[in-house]
Enquirer: 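First, the structure itself, so that you have it in front of you.
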Amino acid sequence: MGGSKKKQTVGYKYYAGVSMVLCQGTIDKLTNISVADRTAWRGAVQDGQIAINKQGLFGGDKREGGVSGTVDVYSGHHQHNRNSYLASKLSAIVPAYRHVAGLVFRQFYWGNNPYMKDISAVVQRIHYQDSKKTRQWYDSKAVIKTENGSANTAIHFILDTSMSMSGGRIQALKSAMKRAIQNLSTSIDLMTLRLDILITTYQGGNPQTKLVRKVSQNDIVGLLSFIDNLKIVGGENLENVLSHSINFFKDTFNQTMNRCCIFVSDGELENADHIKNEEIHNMIDKKGQFNEQDEHDVKIFCINVDNTNKSLSSKIDNTPEDGIPVIKGTDSNIIYDTIMNAINNLNADMNPAHILRELVLNQQNGFNSSLIKNSINEDSFRQAADLFYREKLGLSYIWNDQSKFEDLKKNIENTANCVLYQNAKTNQFEIKVIRNDYHIEKLPLFDKTNIVKISDIKKNIITEMINSVTVNFIDRTNDYKQGSVTVRDDALILMAGRENNTTVTYDMVYNRSLASRLALRDLAALSSDLASVSLSLNLDGRMLNRGDVFVLDMPQLGLNKAVMRVTSLDYGTQKSNEVTVECMRDVFSLPSSTVVSNQPVIIPTTDINLAKPAEHYVIMECPYYELVYNYGQREVDFMIQDDKSIGQIAATIASPPEGTFHSELVTSLSNTFENPENIIDCEMRLIEHELDQVTSIITLNFNPPEQDYNWILIGNEILYVQSFSNNQLTVKRGCLDTLPEKHEKGSKVYFCGGQLSLKSDEYYQGDKVDCRIITNTSTDSLDPSLATGAMINIQGRAAKPYPPANVTINNFYFPDKLSTDQLYIKWSSRNRLQQTSGELIGWYESDITPESGVKYHVTIKLNKRIIVDQIIDVTAFELDVSEYLQGTLDIQISSIVDNIYCFTPFSHSIELHNDLIFKIHEEQSAIDKNNLLVKIK
């Protein structure tokens, strides 16, 4: 009869209210909620409400539905009120759940399946010590940011170059951007991973644009040059630059990539609501083609420069996890850090020293209690925190189960390679960080005079040594699933004839970079001829603590002055004065002493297998630039701020002797060479001609390497390679803290910039460090007494200002003689703190912004007698020489900052030929003791 069809039920949607307690508070923020291992929400909330709308998370209505609804977030502080939803559903006297962080899902949609799926959340608690929001101890070092260089990445940088960014702002932005590009080129493996970069400017008219797909090392110079040449242009073009984003990111949809857009501006933007391009709004809202579910979303990070008004930036920014940072526009370090935080998705871990400190002192959830008042050695914990911060060794952990506290302590100790112990003398808790931080000659000695008994000696042979290590960790970038990295010692595998692998799990490590470093550390320890031993000592053993090192001298057992580290000890009882020590040979001293007296011979010793001295190598006190390249500018500045006399040794080897499979650097301040550390190889060429101080074209004996260096060294001069064709280089002369030098035909050219290995030992100004290169073959290691090397006089090079550059004398470079009555010297300023990235500045280039507080010491001698000795503020000096007859003028100009002189002052000698006729009365003339003829007025 034409009536309507009866509706048919095909399924049910299930709703439920849920209350969850996550952990003890107060948390910094909630960052992630997942249901059945699928991300339902990402953001950053401490207290408040969030809305989730992922109704297609499990396939939508045709499958298992999804999730949606409102969630109340509680940070776990001590003043929470009762939750209104729980009170309405359960009872008006429902607990307020103070002191614990939690979530309340209000009548939440959980899908079309009646079975609840697993719910998980990720929170961060670093900056608070307890539920009363007590600020974290030593908070500046509590957070350790991790750099993620393990994924394909596409980045669109939008840089404000409008008039408001002129002056110090644009210079700071350029400096920060160049550091960011350099960081990306080293933190991302460009040989195996894809990096796409687009840089556009926010300005009137057409933006300045630079696009590079599949960035290689050869592209870095061009990107840095583009940043250097950015110009200030008035006007706005918001829709234009965001249209560039659309095209840039759409071309990456066929790749699995981390996509982010970083918009640095003064916050005075056009209103995004007025943009008519629907694709731009889809990108901002993560929908349409830019759907987050399809992993095509673009994370947009807005950074405001000196502007707290975020209203316009907030219409573009779609990453609530960082808010909208407001930064000081003239501080390049802050700009750089904020940019890198955005690129690395703000991954943060906690300093192990801070975790251990809370474990010891916290009365609610630590070892402390109302009956026992633990105390700590503040200096010990602070020093450990500083070291872990410099090493970027951050850990994450779920701390919610009282029974696991001892396990947590052991886990931290194993991962961070440290020991938490209670000092037997002071009763204070201390952290002993196990590193290469001792001098063997200063360690306590245990031998037959104080050893009561020795037992359980364990030794390894090559065929049993571990030569491959796999580290399992939690991969934050892969939805917190387990990840793994494997490292191998190929030389040891070859010697053993097989691969002996072991697996180590670090469940407190959440990033691949740290996991790789720990794998290398463990391989170094496990692939050695380690020996362990049990000792019974007399009362001398009570000076030892767990983690301490000492020298064990029992040559009759093959333990000839071996450095051992305490793994456990028992101080005995009143009835028994014996101290029982379990110890193992320390990995940092391995090449310095022999534990196994008779290793099996694997390969017959021939002439090829004998280690020979190195012929071609570089050993130097490390320049500031290279320290920054290895550790980052902030860490280096922190290292030298308290003691500007500090210095490190850097070395590399070229063309190692035949049969060498690795080389090491050993150093000594006495006659004992300690702590060998591996050094890497670099390429070397020879100059085919004599080279004066001004020539910028160099011909080599054959073609140079195409990449893997950022400067070259000839003699003591650092040069920057601008380009090359076949075997001919075009270079910049006298870069960083060096000066142009003359070089003979056949001089060695080392392509070592970025290839130097830094010795971890720190030395100080005045130290004379004997450095030797130890070569190793498959069966032989060169004795230090036969090794070649250099004596380095430490001068505190890293803290010294760069010397004056571009020095002209009467408008000439390095003139031979002076034939006028006026001496006019002019030079250009340099800045050690700014010259840390990008294309190096050559000696012949003009001024850059000088280092703050720089002065110049001008010294001039005539026939070795001082006639000028002045300290001035300007970059020019003039002297009337009409009173002087012929002789040799020795000119020296040094830069000075805070009474610290530059590493290589400018010096040049010039012949004075004064042909002026002097009318000198015979009673008014005199010749001084140094044969310096002067006119007496």
Side-chain angles (χ1 to χ4, degrees), residues 22 29-44 57 118-126 143-155 183-184 186-195 255-260 292-297 299 319 321 340-352 355 391-399 408 411-412 414-416 468-488 501-523:
L22 302 177
K29 57 187 176 182
L30 168 77
T31 63
N32 180 286
I33 296 176
S34 296
V35 182
D37 292 329
R38 298 187 184 186
T39 300
W41 176 87
R42 284 196 185 101
L57 192 63
D118 290 337
I119 310 166
S120 60
V122 178
V123 298
Q124 173 184 302
R125 186 176 75 77
I126 296 177
V143 176
I144 296 180
K145 298 285 177 65
T146 59
E147 296 183 356
N148 173 25
S150 59
N152 296 322
T153 304
I155 309 171
N183 180 292
L184 290 168
T186 55
S187 64
I188 295 179
D189 184 356
L190 300 180
M191 300 294 290
T192 59
L193 296 174
R194 175 170 168 175
L195 172 63
Q255 295 281 331
T256 301
M257 301 191 83
N258 170 32
R259 300 175 183 85
C260 64
E292 188 173 8
Q293 185 117 0
D294 299 330
E295 297 184 342
H296 288 165
D297 59 305
K299 301 176 182 67
T319 50
E321 53 263 42
M340 294 311 302
N341 287 343
I343 294 172
N344 297 320
N345 295 323
L346 294 173
N347 295 333
D349 296 296
M350 193 170 185
N351 194 313
I355 305 176
E391 294 179 340
K392 295 187 182 297
L393 203 165
L395 306 179
S396 290
Y397 197 75
I398 300 175
W399 192 0
L408 172 60
N411 205 344
I412 296 171
N414 291 337
T415 308
S468 172
V469 173
T470 297
V471 164
N472 293 331
F473 67 102
I474 308 299
D475 191 347
R476 182 187 279 116
T477 64
N478 189 26
D479 290 330
Y480 299 90
K481 295 182 176 65
Q482 178 176 293
S484 65
V485 293
T486 300
V487 294
R488 298 176 177 85
N501 178 268
T502 190
T503 299
V504 182
T505 297
Y506 290 116
D507 57 7
M508 301 182 74
V509 174
Y510 277 65
N511 73 89
R512 183 173 296 273
S513 174
L514 178 57
S516 299
R517 287 160 49 202
L518 295 181
L520 289 169
R521 180 196 72 184
D522 291 349
L523 180 62

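For the numbers below, each heavy atom of this structure counts, side chains included, while hydrogens, waters and symmetry mates do not.
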Enquirer: Under 3.5 Å, is there a donor-acceptor pair linking the side chains of Ser34 and Asn32?
Expert: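 Distance-only check passes for Ser34 and Asn32.
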Enquirer: Determine, stepwise, if the pair Leu514 / Asp349 fulfils side-chain contact (heavy atoms from CB on, under 4.5 Å).
Expert: CA-CA 11 Å; Leu514 178 57; Asp349 296 296; over 6 Å; no
Enquirer: Looking only at non-hydrogen atoms, find the nearest pair between Leu57 and Thr39 and report the distance.
Expert: CD1-O, 3.6 Å
Enquirer: Return the set of residues passing side-chain contact (heavy atoms from CB on, under 4.5 Å) with Val143 (not counting sequence neighbours), or none when no residue passes.
Expert: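 Testing Val143 for side-chain contact (heavy atoms from CB on, under 4.5 Å), a comparison that skips the adjacent residues, returns Ile126, His127, Lys145, Ala348.
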Enquirer: Measure from the side-chain N and O atoms of Thr31 to the backbone N and O of Val122, and report whether any donor-acceptor pair falls under 3.5 Å.
Expert: yes
Enquirer: Just to verify, what does Tyr506 make a side chain to side chain donor-acceptor pair (under 3.5 Å) with, not counting sequence neighbours?
Expert: Arg521, Asp522
Enquirer: CG of Asn501: more than 12 outside heavy atoms within 6.0 angstrom?
Expert: yes
Enquirer: Would you name the heavy atoms of Phe473 and Ala515 that are closest together and state the gap between them?
Expert: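 Where Phe473 meets Ala515 most closely, the heavy atoms are CD2-CB, 3.6 Å.
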Enquirer: What residue among Gln482, Arg512, Lys481 forms side-chain contact (heavy atoms from CB on, under 4.5 Å) with Asp475?
Expert: Arg512
Enquirer: Applying side-chain contact (heavy atoms from CB on, under 4.5 Å), name anything that partners Ile412, two or more places apart in sequence or on another chain.
Expert: Pro352, Ile355, Leu356, Leu395, Leu408, Met508
Enquirer: For residues Lys392 and Arg517, report the shortest heavy-atom separation together with the two atoms involved.
Expert: O-NH1, 3.6 Å
Enquirer: When rounded to the nearest 0.5 angstrom, what is the spacing between CG in Leu393 and OG1 in Thr415?
Expert: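 Here the rounded value is 8.0 Å.
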Enquirer: Got a sec, which residues hit side chain to side chain donor-acceptor pair (under 3.5 Å) with Asp297, two or more places apart in sequence or on another chain?
Expert: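 In terms of side chain to side chain donor-acceptor pair (under 3.5 Å), with neighbours along the sequence ignored, Asp297 is linked to no residue.
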Enquirer: Looking at residues at least two apart in the chain, or sitting in another chain, which of them share a side chain to side chain donor-acceptor pair (under 3.5 Å) with Asp507?
Expert: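 In terms of side chain to side chain donor-acceptor pair (under 3.5 Å), with neighbours along the sequence ignored, Asp507 is linked to Asn411.
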Enquirer: Of all the heavy-atom pairs spanning Leu523 and Ser468, show the shortest one and how long it is.
Expert: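 Leu523 and Ser468 have their closest heavy atoms at CD1-N, 3.8 Å.
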Enquirer: Who pairs with Gln255 by side-chain contact (heavy atoms from CB on, under 4.5 Å), at least two apart in sequence or on another chain?
Expert: Asn152, Arg194, Met257
Enquirer: Going by the rule side chain to side chain donor-acceptor pair (under 3.5 Å), which residues pair with Arg488 if we only count those two or more places apart in sequence or in a different chain?
Expert: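 Partners of Arg488 under the side chain to side chain donor-acceptor pair (under 3.5 Å) test: Glu499.
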Enquirer: Can you check side-chain contact (heavy atoms from CB on, under 4.5 Å) on Thr153 and Leu193, steps first, answer last?
Expert: CA-CA 8 Å; Thr153 304; Leu193 296 174; over 6 Å; no
Enquirer: Which value, rounded to the nearest 0.5 Å, describes the distance between Leu518 atom CG and Asn414 atom CG?
Expert: 11.0 Å
Enquirer: Test side-chain contact (heavy atoms from CB on, under 4.5 Å) on Gln124 and Met350; report intermediate values, then the result.
Expert: CA-CA 9 Å; Gln124 173 184 302; Met350 193 170 185; over 6 Å; no
Enquirer: With rounding to the nearest 0.5 Å, note down the distance linking CG in Asn472 to OG1 in Thr486.
Expert: 8.5 Å
Enquirer: Could you tell me which residues satisfy side-chain contact (heavy atoms from CB on, under 4.5 Å) with Ala519, sequence neighbours excluded, listed by chain and number?
Expert: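 Counting only residues at least two positions away or on another chain, Ala519 forms a side-chain contact (heavy atoms from CB on, under 4.5 Å) with Val471, Val485, Val487.
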